[in-house]
Amino acid sequence: MNQAEKEPTSFLRIVGGIGDQALYILTDLGRMGTFLFFALLGVFKRPFRFKELIKQLEFIGAGSITVIFFTALSSGMVLGLQGYYSLHKFGAEGMLGSAVSLTLIMELGPVLTALMVAGRAGSAMCAEIGIMRISEQVDALECMAIDPFRYLISPKFLAALISIPLLTAVFDVVGIMGGYLAGVKLMGVNGGSFFAGMQQSVTNHDIRLGVIKSIVFALLLVWICTGRGYFVQKIRGAGFGAESVSKVTTQAVVFSSISVLIFDYLLTAVFL
């Protein structure tokens, strides 16, 4: 085969590879969309597994309190120190409470809470569902005419939608206290001006935006993590057995974290 004949063949392979990848992405998006529909539908099916819901609330919510507490405390203290350093240049130390509270409530609280829960609980949910899939436990449920979405997925969805907004609220409160410790107790900012600035600047719109973000992030996190585990055998390049579960779990945490950051910007642009 001469050079002139090789070039069209190489071009067709490149175009074919791009088309194949595009079809795979569209198929994967379709699978995930269908998965989301049936997972949300399973919340309304009866009998609902309330014991499993309590178990997931304990795992996602109560189990994440420690990491949320220390992340919020350190973030708030860093904000307090950096905010004081910046505001001190302009003689506006009294606005420290406003800067710390708005940053935590509107941005850092929802985002860091979602990222921490994705790393701790999201990875565990993905690995659990993935292992059940490769060990054919999900297939066994279907053979026994048990809806795997109602039985496995929907309690996790509902628990995440309840837990993550509450964890975000805990993050905000602890973070503000951390900013208070750093700014007032360490740097000498007036405590009254700290809380007065916070009270004057934080509005219901700011709190509402933080709540909306936390709910959207919770849905993205639990959807991506459980969906990746549920379709572990259909994900290209994941491999087989334990290797596939490990790769898909890493992929789920990365995808959910990127999605949180992207939707953080989109929601801020829409609602701010």
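Not measured: the values here are computed from a predicted model.
- Listed by first then second residue, pairs satisfying side chain to side chain donor-acceptor pair (under 3.5 Å) with a partner in residues 49-62 read Glu52-Gln56, not counting sequence neighbours.
- Side chain of Trp223 to main chain of Phe35: no donor-acceptor pair is present (N/O by atom type, distance under 3.5 Å, no hydrogens or angles).
- Remark: the backbone N or O of Pro110 is not paired with any side-chain donor or acceptor of Thr113 at under 3.5 angstrom.
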Show every donor-acceptor pair shorter than 3.5 Å between a side-chain atom in residues 84-91 and any protein atom, with sequence neighbours excluded, or say none if there are none.
from  : atom 1 : to    : atom 2 : distance (Å)
Ser86 : OG     : Gln82 : O      : 3.2
His88 : ND1    : Glu93 : OE2    : 2.5

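- Within a 6.0 Å sphere centred on CD of Gln199, heavy atoms belonging to other residues, nucleotides or ligands number 12 at most.
- Taking the six-membered ring where the residue is Trp, Tyr230 and Phe149 present tilted rings, their angle falling between 30° and 60°.
- Looking at Val248 and Phe231, their side chains never come closer than 4.5 Å, going by heavy atoms from C-beta outward.
- Scanning both residues, Gly109 and Phe171, for their nearest heavy atoms gives CA-CD2, 3.5 Å.
- Under the 4.5 Å side-chain heavy-atom criterion for ILVMFWY residues, a single connected hydrophobic cluster contains both Val270 and Leu267.
- With a 4.5 Å cut-off on side-chain heavy atoms, Leu115 and Thr71 do not count as touching.
- Here the shortest heavy-atom pairing between Ile215 and Pro165 reads CG1-CG, 3.9 Å.
- Applying the side chain to side chain donor-acceptor pair (under 3.5 Å) test to residues at least two apart or on different chains, none of the pairs has a partner in residues 171-197.
- Val78 and Val170 end up in different hydrophobic clusters when Ile, Leu, Val, Met, Phe, Trp and Tyr side chains are linked at under 4.5 Å.
- A distance of 11.0 Å separates CE of Met106 from CD1 of Ile207, quoted to the nearest 0.5 Å.
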Exercise. Where do Phe38 and Asp147 land on the side chain to side chain contact (heavy atoms under 4.5 Å, CB included) test, with the steps shown first?
Worked result: CA-CA 10 Å; Phe38 284 109; Asp147 183 3; over 6 Å; no

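- The shortest heavy-atom contact between Ala118 and Val253 is O-CG2, 3.8 Å.
- At least one side-chain heavy atom of Val111 sits under 4.5 Å from a side-chain heavy atom of Phe217.
- The shortest side-chain heavy-atom distance between Arg150 and Leu141 does not fall under the 4.5 Å cut-off.
- A salt bridge is defined here as a Lys NZ or Arg NE, NH1 or NH2 lying under 4.0 Å from an Asp or Glu carboxylate O, and Asp28 with Arg228 meets this definition.
- Within a 6.0 Å radius of CZ in Phe70, other residues, nucleotides and ligands contribute 12 heavy atoms or fewer.
- Residues passing the side-chain hydrogen bond (donor to acceptor under 3.5 Å, both in side chains) test with Lys234: none are found, sequence neighbours excluded.
- For Tyr151, the OH atom is loosely surrounded, since the number of other residues' heavy atoms within 6.0 Å does not exceed 12.
- Note that the CD1 atom of Ile129 and the CD atom of Gln137 stand 9.5 Å from one another [nearest 0.5 Å].
- The OG atom of Ser201 sits 7.5 Å away from the CG atom of Asp206 when rounded to the nearest 0.5 Å.
- Listed by first and then second residue, the side chain to side chain donor-acceptor pair (under 3.5 Å) pairs that reach into residues 263-272 are Glu107-Thr268, Lys213-Asp264, Lys213-Thr268, sequence neighbours excluded.
- Residue Gly178 comes nearest to Leu73 through the heavy atom pair CA-CD1, 3.8 Å, listed as atom of the first residue, atom of the second, then distance.
- Taking NE2 from His205 and CD1 from Ile212, the interatomic distance works out to 7.5 Å, rounded to the nearest 0.5 Å.
- Residue Leu53 shares its hydrophobic cluster (ILVMFWY side chains chained together at separations under 4.5 Å) with Val43, Phe44, Phe48, Phe50, Ile54, Leu57, Leu158, Ile162, Leu166.
- In this structure the side chain of Val222 never reaches within 4.5 angstrom of the side chain of Ile164, judged on heavy atoms.
- Taking the side chain as every heavy atom from C-beta outward, Leu161 and Leu219 approach each other to under 4.5 Å.
- Of all heavy-atom pairs spanning Val245 and Thr249, the tightest one is O-OG1, 2.7 Å.
- A distance of 12.5 Å separates CG of Leu220 from CD1 of Ile258, quoted to the nearest 0.5 Å.
- With a 4.5 Å cut-off on side-chain heavy atoms, Gln233 and Ser244 do not count as touching.
- Ser163 has its side chain out of reach of Phe59: every pair of non-hydrogen atoms, C-beta onward, lies at least 4.5 Å apart.
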For this session: Run the numbers on Leu167 and Met116 for side chain to side chain contact (heavy atoms under 4.5 Å, CB included), then give the verdict.
Result: CA-CA 10 Å; Leu167 288 172; Met116 291 299 104; over 6 Å; no

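- One distance of note links CG of Leu36 with CZ of Arg31; it measures 15.0 Å at 0.5 Å rounding.
- Proximity of a side-chain donor or acceptor of Ser154 to a complementary backbone N or O of Ala39 within less than 3.5 Å is detected.
- When the side chains of ILVMFWY residues are joined at heavy-atom separations under 4.5 Å, either directly or via intervening members, Val173 and Leu181 end up in two distinct hydrophobic clusters.
- Minimum interatomic distance between Met198 and Gly97 (heavy atoms only, all atoms of both residues): CB-O, 3.9 Å.
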